[in-house]
2 protein chains.
Amino acid sequence: MRTYGQYCSLAKALDLLGDRWTLLIVRELLLQGPCRYTDLRRGLPGIATNLLADRLRELEAAGVVAREEAGPPIATTLFGLTPRGEELKDALYALGLWGIPLMAEGPAPDDAFRNLWTTMPGDLFLRDRTPDRPPITIEVRAGEDPMLIETVDGEVRLRRGSAEDPDAVLSGSPDMILAVITGGLDLAEAEARGLCLEGSRSSVSRVLPERAAPASGAASG
Amino acid sequence: MRTYGQYCSLAKALDLLGDRWTLLIVRELLLQGPCRYTDLRRGLPGIATNLLADRLRELEAAGVVAREEAGPPIATTLFGLTPRGEELKDALYALGLWGIPLMAEGPAPDDAFRNLWTTMPGDLFLRDRTPDRPPITIEVRAGEDPMLIETVDGEVRLRRGSAEDPDAVLSGSPDMILAVITGGLDLAEAEARGLCLEGSRSSVSRVLPERAAPASGAASG
DNA sequence: CCGCATCCGGGGCGATACTG
DNA sequence: CAGTATCGCCCCGGATGCGG
C-alpha cells in the first residue's frame with residue numbers, strides 16, 4: 001500500500017482514504033445506506049469497474065466497509081459502512097461544506113447530477129424554524145429521483161422518495177434548488193429565475209436558512 | 001484539470017484538494033503559518049520538488065494559498081493560507097480526528113515524525129480543566145523541535161518553541177506522547193512505560209482529557 | 001541556498017471488453 | 001449482477017540541473 005510515511009493522524013487517514021474515488025464511495029454509502037455494487041456504479045458516474053472493486057476491497061480491509069451476503073429474496077451482496085465508517089460523516093460533511101461555494105457558478109457542461117447529492121447540503125443548512133407547528137413534507141425534484149424533506153420532532157430529515165400529498169413541491173434546475181437550500185438565493189427571487197414552487201410557500205420558508213451562509217455566496221450572478 | 005464531473009460539493013472540493021499531497025500541504029500551512037518553499041519541503045518528507053511547486057500553483061489558482069514576496073531582510077517568497085484556505089481547518093481536523101485511532105499501534109518503521117504534527121491532536125483533545133488557576137506552560141519534546149502547551153484565558157494554546165522555566169517538561173517517544181495527549185494512556189502508566197515527566201505533574205494532568213476518547217483506544221497494547 | 005524546471009521510469013488510473 | 005482482464009496514458013516519485 002502506498003503511504004505517506006508520516007506519523008501524523010491526518011496522513012494516516014489519507015493513506016486509507018486519499019486515493020481517487022475513495023471518499024466519494026464513502027459518500028454514496030453514507031447517503032444511500034447499504035447498497036449493491038450496481039447501485040454504487042450508478043451513484044458514481046465515471047468510475048471504472050475495477051477501481052470500484054479495488055476501493056471496496058481496500059475499504060473493507062481498513063474496516064470502513066463491510067459486505068454482507070443478503071439472503072433471499074434479494075440474494076446479492078450488499079456493501080455498507082461499518083460504525084467506524086459512519087464516523088467519517090463529520091469529516092465528509094466538513095469537506096462538503098467547504099465545497100458549497102464551488103457550486104455557485106452552476107454545474108459544468110458535462111457535470112452529472114443526482115438529487116441524492118443534495119442531501120448533504122440539506123443536512124447542513126435546513127432547520128425546522130417552527131418545530132412546534134405540525135410536521136410538513138416537501139418534495140424536491142431536481143434530478144431523476146425525487147427527494148423528500150420532512151420535519152420530524154423538530155428535526156429535518158431528508159430521504160429519497162415522493163409523497164402522496166406533500167405540503168409543497170419544489171422543482172427546478174439543480175443549481176437553483178441548491179442555491180435556495182444553502183441560503184444563497186432568496187425564495188422569491190429563485191421563483192423569478194425559474195424555480196417552480198407548488199403548494200405552501202410558508203412550508204418551504206419554514207426550513208430554509210435565514211440568509212446567505214457561505215462567504216462566497218451562492219448563485220449571486 | 002482532472003475532475004470528477006459531478007455537481008456535488010464534496011466532489012468539487014475533492015477536485016481541488018483530492019490530489020496527492022495537497023491536503024498535507026494545507027496542513028503544514030495551517031500548523032506552521034506562512035512559510036518558505038524550503039520549510040514546506042522540510043515539513044513534508046518525501047514530496048518531490050516539482051509536485052510541491054505544482055500543488056502550490058494549483059492551490060494558488062484555487063484561492064486557497066497566496067504567495068507574498070517578503071521584502072528585506074527576508075527577501076524570499078512566503079506561502080500562506082488565504083481566509084478561504086483557513087476555512088479548511090474544520091475539515092482537516094475532522095479527518096485528523098478520524099485518523100487518531102490509526103496511530104495507536106505506533107509509527108511504522110520508516111515513518112517520519114515532526115513534533116509540530118502533535119498540534120492537531122493537542123488542539124482536539126487538550127482543555128484547561130481549571131481555567132481559574134494561574135496559567136501554566138508545559139514543554140513537550142518528542143521530535144527535534146520542542147513544542148509548548150500554554151494555558152491562556154482558559155484556552156489551551158500550542159506553538160513551537162521552548163520555555164525558560166516551564167512548569168513541566170514532557171519527553172518521550174512520539175507514540176507515548178500522543179497516547180497521553182489523546183487520553184488513550186494514563187499519565188502514570190505512561191511514565192511506567194518510559195515517558196519522562198519533569199516538574200509539576202498536576203500541571204500536566206490539568207490539561208489532559210479525562211479518559212480514553214477514540215473508540216479504538218490508543219497504545220493499549 | 002532558494003525556488004523551482006526538466007527528464008525519466010513505474011504504476012495508479014480510465015475506458016472498454018469480457019465472464020461466471 | 002458482480003466483478004476480472006487488458007491496455008494506454010498520465011500522474012507520481014526520484015534525481016538532476018539551473019537561474020537568481
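Residue numbering restarts at 1 for every chain, and letters A, B, ... go by the order of the sequence lines.
The distance between atom CZ of B/R55 and atom C1' of C/dC4, rounded to the nearest whole Å, is 15 Å. Across the protein-nucleic acid pair, B/D54 atom CG and D/dC10 atom P stand 16 Å apart, rounded to whole Å. Between the CZ atom of A/R36 and the P atom of D/dC1 there is a distance of 6 Å, given to the nearest Å. What separates CG of A/D39 from P of D/dG3 is a distance of 13 Å, to the nearest Å. For the pair B/L51 CG and C/dG12 P, the computed distance is 15 Å after rounding to whole Å. In this entry the distance linking CZ of A/F79 with C1' of D/dG3 reads 9 Å, nearest Å. As rounded to whole Å, 8 Å separates atom P of D/dG3 from atom CZ of A/R57. In this entry the distance linking CG of A/N50 with P of C/dC13 reads 10 Å, nearest Å.
Between A/R84 and A/E87, at least one side-chain N (NZ, or NE/NH1/NH2) sits under 4.0 Å from a carboxylate O, which counts as a salt bridge. The pair A/R67-A/E69 does not count as a salt bridge, with every side-chain nitrogen at least 4.0 angstrom from each carboxylate oxygen. Look at A/R114 and A/E144 and you find a salt bridge, because one of the NZ, NE, NH1 or NH2 atoms lies within 4.0 Å of a carboxylate O, short of that distance. A salt bridge is absent between B/E60 and B/R57; no separation between the charged side-chain nitrogens and carboxylate oxygens falls under 4.0 Å.
Donor-acceptor pairing under 3.5 Å is lacking for the side chains of A/D15 and A/Y4.
Phosphate contact (OP1/OP2 of C/dG12, side-chain N/O of A/W21, threshold under 4.0 Å): absent. Contact between the side-chain N/O atoms of A/R20 and the OP1/OP2 oxygens of D/dC10 is not found at any separation under 4.0 Å. The shortest distance between the side-chain N/O atoms of B/T49 and the OP1/OP2 oxygens of D/dG14 is not below 4.0 Å. Contact between the side-chain N/O atoms of B/T77 and the OP1/OP2 oxygens of C/dG3 is found at a separation under 4.0 Å.
Recorded end-axis angle for the helix from C/dC1-D/dG20 to C/dG20-D/dC1 stands at 30°, based on five pairs per end and rounded to 10 degrees.
Aromatic ring orientation, B/F113 versus A/Y7: tilted (interplanar angle from 30° to 60°).
With the nearest nucleotide of DNA chain D identified for both A/R2 and A/L78, A/L78 has the one nearer the 5' end. Position along DNA chain D of the nearest nucleotide to B/A48 versus A/Y37 favours A/Y37 as the more 5'-ward residue.
Within a 6.0 Å radius of CZ in B/R41, other residues, nucleotides and ligands contribute 12 heavy atoms or fewer.
The residue A/R41 sits apart from the nucleic acid: no heavy atom pair falls under 4.0 Å.
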